[in-house]
There are 2 protein chains.
Amino acid sequence: MNEPMDMEAVLERLKEKGLRLTPQRVEVITLLYQLSHPTAEQVYSLMSKKFPYVSQTTVYSTLKMLKDLGIVNELTYGDRSSHFELTQEEHAHFNCKSCGEIYDVDVKDARQLQHLLHTEQGYQVDFVRLEFYGTCPACAAGGEAGTDSVRTAH
Amino acid sequence: MNEPMDMEAVLERLKEKGLRLTPQRVEVITLLYQLSHPTAEQVYSLMSKKFPYVSQTTVYSTLKMLKDLGIVNELTYGDRSSHFELTQEEHAHFNCKSCGEIYDVDVKDARQLQHLLHTEQGYQVDFVRLEFYGTCPACAAGGEAGTDSVRTAH
DNA sequence: TTACATGCAAATGGTTTGCAACGCA
DNA sequence: TGCGTTGCAAACCATTTGCATGTAA
């Protein structure tokens with residue numbers, strides 16, 4: 001499993017960008033290293049123990065800043081709130097419908113992963129979600145024909 | 001590419017369940033066949049042309065019913081609203097960051113897909129999201145130890 | 001005549017924004 | 001002194017809910 005960049009490198013990255021390493025920001029980052037895919041609310045709740053006067057605004061803005069820098073990744077599911085994780089390459093998530101935990105799993109061989117997850121690790125896979133993000137051929141061709149209009153398919 | 005079940009089969013499925021084939025429901029289903037991964041708002045907006053007095057409530061409840069029956073799949077992204085599609089097996093999505101379109105793509109060979117998407121179809125893949133849903137080994141072992149508490153990881 | 005559906009309006013709740021106060025560079 | 005940062009409160013907005021009305025079997 002790939003590891004996220006270490007915390008010192010993250011703090012260094014912020015300094016490079018001229019961003020201040022406030023106690024609140026350091027604590028949000030620390031919690032991201034300690035927790036498994038927390039929601040903003042979970043980060044806020046735990047921060048409140050050490051910083052009673054911290055605001056949700058600060059937690060949200062810090063998470064947004066880290067996301068914009070590519071340091072954290074936001075995971076959205078069907079439920080209301082997003083989950084956050086430190087960016088790592090080459091991994092997938094296994095979401096347990098029973099306990100709700102989000103597990104990081106290796107994805108060296110994506111094709112066989114679903115099968116191997118079951119036979120070797122005991123995960124029962126009901127559903128796989130695979131999303132690609134990037135630029136489509138039409139847009140890459142310079143068409144810049146982007147529209148928000150609804151298009152038919154099928 | 002796998003196709004979704006045809007519309008007559010969907011309507012038959014509702015009848016089997018004792019659900020009424022109201023004009024509103026038939027129109028929502030029809031639009032799901034005509035549109036590419038629409039949001040609830042897009043469905044509502046287009047329905048309003050044919051049914052001026054349709055309510056958002058009906059659109060949302062119909063989409064939820066279809067989702068509960070496994071007929072439609074809900075896709076959540078970082079932006080606010082969910083997108084809906086008729087359920088199909090063995091396919092992935094390519095989300096164009098330039099035009100915003102969501103493309104269905106084949107995923108016969110998930111391992112090589114990212115590479116093939118680029119070399120054979122011209123898609124530039126920046127990011128792949130792969131999510132598994134199911135039951136983890138601990139829960140499958142009958143522990144039913146599910147909690148909503150935050151757990152540490154890494 | 002009863003259970004299911006619809007639609008209006010209000011509530012919900014995660015997230016964002018406006019703005020004044022704060023504090024490091 | 002200036003600008004980035006914080007935090008309170010209000011706004012935002014997709015979605016859900018309460019409830020009265022409508023409708024089909």
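The chains referred to below are lettered A, B, ... by the order of the sequence lines, with proteins before strands, and numbering in each begins at 1.
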Within the structure, does a side-chain N or O atom of [X] lie under 4.0 Å from either OP1 or OP2 of [N]?
X	N	value
B/Tyr60	D/dT16	no
B/Ser81	D/dA14	no
B/Thr39	D/dA14	no

Per atom distances to the B/Thr22 side chain, the nearest of D/dT6, C/dA5, C/dC8 is C/dA5
Given that A/Arg25 and B/His83 both sit by DNA chain D, which one's nearest nucleotide is further toward the 5' end? A/Arg25
Does a side chain donor of either [X] or [Y] reach within less than 3.5 Å of an acceptor in the other side chain?
X	Y	result
B/Ser82	B/Glu74	yes
B/Ser48	B/Ser45	no
A/Thr58	A/Ser55	yes

Euclidean distance, atom [atom1] of residue [X] to atom [atom2] of [N] [Å, nearest integer]:
X	N	atom1	atom2	answer
B/Glu27	C/dT6	CD	C1'	16 Å
B/Gln56	D/dC13	CD	C1'	10 Å
B/Tyr77	D/dA14	OH	P	17 Å
A/Glu74	C/dT16	CD	P	8 Å
B/Phe51	C/dA5	CZ	P	16 Å
A/Met47	D/dG7	CE	P	8 Å
A/Lys17	D/dT5	NZ	C1'	18 Å
A/Glu41	C/dT12	CD	C1'	15 Å

Under 4.0 Å between any heavy atoms, over every strand shown, what does A/Thr57 touch: base, sugar-phosphate, or nothing? Just pick one. base
Which part of the nucleic acid, if any, lies within reach of B/Ser82 when heavy atoms closer than 4.0 Å are counted: base, sugar-phosphate only, or nothing? sugar-phosphate
Look at the side chain of B/Arg20 and the base of C/dC4, then say whether one donor and one acceptor between them are separated by less than 3.5 Å. yes
Are any non-hydrogen side-chain atoms of A/Leu63 and A/Leu32 less than 4.5 angstrom apart? yes
Within the 4.5 Å heavy-atom criterion, are B/Leu69 and B/Leu14 side-chain neighbours or not? yes
So which one's nearest nucleotide on DNA chain C is more toward 5', B/Gln24 or B/Arg80? B/Gln24
